[in-house]
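Below, chains carry the letters A, B, ... as their sequence lines are ordered, and counting in each starts from 1.
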Number of protein chains: 2
Amino acid sequence: MAGPDSKDFMNSQHFSTKERILGAAEQLFARLGFAGASLRQVTAAANVNLAAVNYHFGSKENLINEVFRRRLDELNAHRLQALDEALKLPDTGLEPLLSAFINPALDLSLDRGGGGAFVRVLARAYAEHNDALRKFLSDNYGHVMKRFHAAFAQRLPDLDKEELYWRLDIVAGALTYAMADFGVIKRKSGVTEQQHRERSAEHLIRFAAAGLRAP
Amino acid sequence: MAGPDSKDFMNSQHFSTKERILGAAEQLFARLGFAGASLRQVTAAANVNLAAVNYHFGSKENLINEVFRRRLDELNAHRLQALDEALKLPDTGLEPLLSAFINPALDLSLDRGGGGAFVRVLARAYAEHNDALRKFLSDNYGHVMKRFHAAFAQRLPDLDKEELYWRLDIVAGALTYAMADFGVIKRKSGVTEQQHRERSAEHLIRFAAAGLRAP
DNA sequence: GTAGCATTCAAACGCCCGTTTTACCTACGA
DNA sequence: TCGTAGGTAAAACGGGCGTTTGAATGCTAC
């Protein structure tokens, strides 16, 4: 009756125990939260022994960190690459910078294979304000936000440093939340995935630019 | 050494058991999440017996609902009142509608007495996508969003119904997240609380209007 | 004062949690 | 062929969870 759907598909022998745990954890953290999803649920969904989490990751907290690392390494690399290219162009305002930040995440949220779940996990992390997690993210990816911060600061010279800092934080939070919902919303028929992605990005960029340029 | 600070203050005899539980639950749900905060933590913070939660509220899930009801009854009444006044004026665009939605929440997030914590609880609820909670909110406060939806639809006639629906959802989510952070951010010295509130509202309204007007 | 009800309390219920332990596989290089 | 290391397995650890119980209290109305 039920063929292997996309959720169970990766619980097969084609993926290592570590990969299956990470995939199942991502799905369940997105759905139930970090505190709400138990290791017993994760290991059952991954078709793996309960002790495997502590064997491969040491602890639940570290598993959470690795769920982030797996996606953020690539995501932030794409962001920095896009930022570099945006900075090569003549100064054309905030929009190219926002594109560099948003488009890699939107690609992730719309692709197959769990990226959509991860974007929802990210949205949860923002809402959580979890200290340990924030430290991990700051330690590992703080330099990315620093690069973006510097680029925005250069294009918004009248905004003082502190003001810019929390505006970027709010913009990042709002965008993260919005992208988490884009993954859930199905696009209208007659619109290709590519068109949907481009329109979504446009909306978000206008949205964010207006917030940042507020006097 | 430690006088009664604002957190412990309401754990006194001046408040009923129910009120103390609601206050403590709000604080802890904001900090630790619904799954992360236990009834033992809540009752200890409220200086109340563990069994009091189930006696007065029946279950943890119902306690969560009542935490929302206590604030949302008043918040949404203020929103509808502000909406009615905005609709009396000649059509002046989206901004007055957004004001009617944002200002009551911003008042709550900046006031004393736990309102700030509640706005963070709201942000968590948005990120959670919890079905039971969404049903409760939709059952009890769906009519408010319907009123706003109708008002926005009238001012955005070129936007189709479905598109408007999820734009409003995203805007509400982004604003909720942003307001949760406003409560945390301390205003700069030399700026009165009133000024801070008005500037925050302005930024958010521009932000949201741009998102809604996107072509 | 006492009956009756609402509330509070300490204790226990069964269950699930993250983690650890210990034994058992199963390769692969010596 | 054997020894060993890396991985998996089942079971148990102590502890915290939401909820229930039944007795002890406080309070109001007669």
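Comment: B:Arg70 does not engage B:Glu66 in a salt bridge, judged by the lack of any side-chain N to carboxylate O separation of less than 4.0 angstrom. A salt bridge links A:Glu128 to B:Arg124: at least one charged side-chain nitrogen sits closer than 4.0 Å to a carboxylate oxygen. A salt bridge links B:Glu26 to B:Arg71: at least one charged side-chain nitrogen sits closer than 4.0 Å to a carboxylate oxygen. Salt bridge present: A:Lys135 and A:Asp139 bring a charged side-chain N and a carboxylate O closer than 4.0 Å.
Summarising the geometry of A:Leu87 relative to A:Arg147, their closest heavy-atom pair is CD1-NH2, 3.6 Å, with the distance given to 0.1 Å.
Phosphate contact (OP1/OP2 of D:dC17, side-chain N/O of B:Ser38, threshold under 4.0 Å): present.
For the pair A:Leu39/A:Leu63, a side-chain contact is recorded, criterion being any heavy-atom separation below 4.5 Å from C-beta on. Side-chain contact between B:Phe207 and A:Ile170 is absent, with no heavy atoms from C-beta onward closer than 4.5 Å.
Closest to the side chain of A:Thr17, from the set C:dT19, D:dT8, C:dG18, is D:dT8. Checked against C:dC17, D:dA9, C:dA11, the side chain of A:Asn49 finds its nearest nucleotide in D:dA9. Across D:dA9, D:dC17, D:dG7, the shortest atom-to-atom separation from the side chain of A:Tyr55 is found for D:dG7. Looking at the side chain of A:Arg40, the nearest of the listed nucleotides C:dA10, C:dT19, C:dA11 is C:dT19.
Atom CZ in A:Arg20 sits about 13 Å away from atom P in D:dG7, given to the nearest Å. Per the geometry, CZ belonging to B:Phe57 stands 16 Å off C1' belonging to D:dG18, to the nearest Å. Taking atom CG of residue B:Leu32 and atom P of nucleotide D:dG16, one finds them 15 Å apart after rounding to whole Å. The separation between B:Ile21 atom CD1 and D:dT19 atom P is 13 Å, rounded to whole Å. Taking atom CG of residue A:Leu63 and atom P of nucleotide C:dC17, one finds them 15 Å apart after rounding to whole Å. The separation between B:Asn54 atom CG and D:dC17 atom C1' is 12 Å, rounded to whole Å. Summarising the geometry, the separation between CG on A:Leu50 and C1' on C:dT19 is reported as 8 Å, rounded to the nearest angstrom. The separation between A:Glu19 atom CD and D:dG7 atom C1' is 15 Å, rounded to whole Å.
No side-chain donor from either of B:Asn49 and B:Tyr55 sits under 3.5 Å from a side-chain acceptor of the other.
Mapped onto DNA chain C by nearest heavy atom, B:Val48 and A:Glu61 fall at different nucleotides, with B:Val48 at the one closer to the 5' end. Residue-to-nucleotide proximity on DNA chain C shows that, of A:Gly36 and A:Gly58, the 5′-proximal contact is made by A:Gly36. Position along DNA chain D of the nearest nucleotide to A:His56 versus B:Lys60 favours A:His56 as the more 5'-ward residue.
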Any protein N or O atoms within reach of nucleotides 22-28 of chain C? Criterion: under 3.5 Å, listing atom names and distances.
none

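Both the sub-6.0 Å distance and the 45° axial angle are satisfied by A:Arg79 relative to the ring of A:Phe101.
Aromatic ring pairs are classed by plane angle as parallel below 30°, tilted from 30° to 60° and perpendicular above 60°; the pair A:Phe118 and A:Phe68 is perpendicular.
Axis angle, first five pairs versus last five pairs of the helix from C:dG1-D:dC30 to C:dA30-D:dT1: 10°, rounded to 10°.
Note on B:Ala51: a base of the nucleic acid sits closer than 4.0 angstrom, heavy atoms only.
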